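This report concerns only the one structure given below.
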There are 2 protein chains.
Amino acid sequence: MPTELPVLPDLRLAYRAPDVTAPLAAASLLADGTRMGILALLRGGPHCVCELAAGLGARENNVSNHLARLRDAGLVRAARDGADSRRVYYERDERACLAALLTLGEVLR
Amino acid sequence: MPTELPVLPDLRLAYRAPDVTAPLAAASLLADGTRMGILALLRGGPHCVCELAAGLGARENNVSNHLARLRDAGLVRAARDGADSRRVYYERDERACLAALLTLGEVLR
DNA sequence: ACGTTATCTCACAACCAGATGAGACACTCT
DNA sequence: AGAGTGTCTCATCTGGTTGTGAGATAACGT
């Protein structure tokens, strides 16, 4: 009688799909020109929404939307300006940005 | 007469949208579960398409498509097997993967 | 008080990237 | 030769994401 269950006879794979949810979330957040541009601009210090929008050539509500996603992910922080309380200045959370980079390093080595 | 061109009076931004094409391409490539899973699986050594597909629970033609994108980007290399010339074994290009990580580091520091 | 500015939120439309299925090709095995 | 395997390519469909517009809120300047 033949051997039973001859499924995938000599495939050198342990069926374990690696868990990449964390680095995938980081990459998905960065995989947008506006969001990456925001992070790049914020390397030069805090900026308000209208400054970022002007620098990127995008609309303010659009930038605000992307800032919300970055804020939810913890990569940026928001703080109202003392002088003009209408403006919201955003700054990078350097520790979170480094953590995202390290997470990506888990896959890219 | 009023001052001319009072555009964006005191916005501390030099209008320069930073060039993020390289890190954006890297992030876009990684922003997919199948592609990131492939890169993660290949950390354990070379694998053929069917092994990767089995490990990820994806169809082989789908995995082949994603491998083509990773190959075009230079992150993986393909080599036919000597024993069974139908199988194509893929392996990571560690130098290119490190370069991608460094490119992302330009934005995430 | 009024008009303006800065930001946010939400609903809708448009678009892009991924999944799918069919087909083609080359190779292996019997 | 014929059946089956492994991989690739391409066209089409679909789902999710982005951009957009309108509206709301709060604060500033006059």
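As the structure is a prediction and not an experimental result, all values here were calculated from the model. In what follows, every chain begins at residue 1, and chains take the letters A, B, ... in the order their sequences are listed. All values below come from the heavy atoms of this structure, side chains included, with hydrogens, waters and symmetry mates left out.
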Sequence-distant partners of A/Asp19, side-chain hydrogen bond (donor to acceptor under 3.5 Å, both in side chains), two or more places apart
A/Thr21

Return a single string for nucleotides 24-30 of chain C, one symbol per nucleotide in 5' to 3' order, where B is base contact, S is sugar-phosphate-only contact and - is none, cutoff 4.0 angstrom on heavy atoms.
---BS--

Between atom CG in A/Asp32 and atom C1' in C/dC16, what is the gap in whole Å?
12 Å

Closest nucleotide among C/dT7, D/dT18, D/dT7 to the A/Arg35 side chain
D/dT18

What pairs of residues pass the salt bridge (Lys or Arg N to Asp or Glu O under 4.0 Å) test when at least one of them lies in residues 72-83 of chain A, not counting sequence neighbours?
A/Arg77-A/Glu91, A/Arg77-A/Asp93

Would you please name every residue forming a side-chain hydrogen bond (donor to acceptor under 3.5 Å, both in side chains) with B/Asp32, sequence neighbours left out?
none

Hey, could you give me each pair passing salt bridge (Lys or Arg N to Asp or Glu O under 4.0 Å) that has a residue in residues 94-109 of chain A? Not counting sequence neighbours.
A/Arg92-A/Glu94

Interatomic distance, A/Leu30 CG vs D/dT17 P [rounded to whole Å]:
15 Å

Between A/Asp81 (CG) and C/dA6 (P), how many Å, whole number?
12 Å

Taking the side chain as C-beta and beyond, is there a heavy-atom pair between B/Val88 and B/Leu67 under 4.5 Å?
no

If you compare every side-chain N and O of A/Tyr90 against the phosphate oxygens of C/dA6 (OP1, OP2), does one of them come in below 4.0 Å?
no

Who are the side-chain hydrogen bond (donor to acceptor under 3.5 Å, both in side chains) partners of A/Asn61, not counting sequence neighbours?
none

Apply side chain to side chain contact (heavy atoms under 4.5 Å, CB included) to A/Ala27 and list each qualifying residue two or more places apart in sequence or on a separate chain.
A/Leu104, B/Leu30, B/Ala31, B/Met36

Rounded to whole Å, the CG-P distance (A/Leu24 to C/dG18) equals 11 Å

Which residues satisfy the side-chain hydrogen bond (donor to acceptor under 3.5 Å, both in side chains) test with A/Asp84, sequence neighbours excluded?
A/Arg86

Neighbours of DNA chain C within residues 59-70 of chain B, by heavy-atom distance under 4.0 Å:
B/Arg59, B/Asn61, B/Asn62, B/Asn65, B/His66, B/Arg69

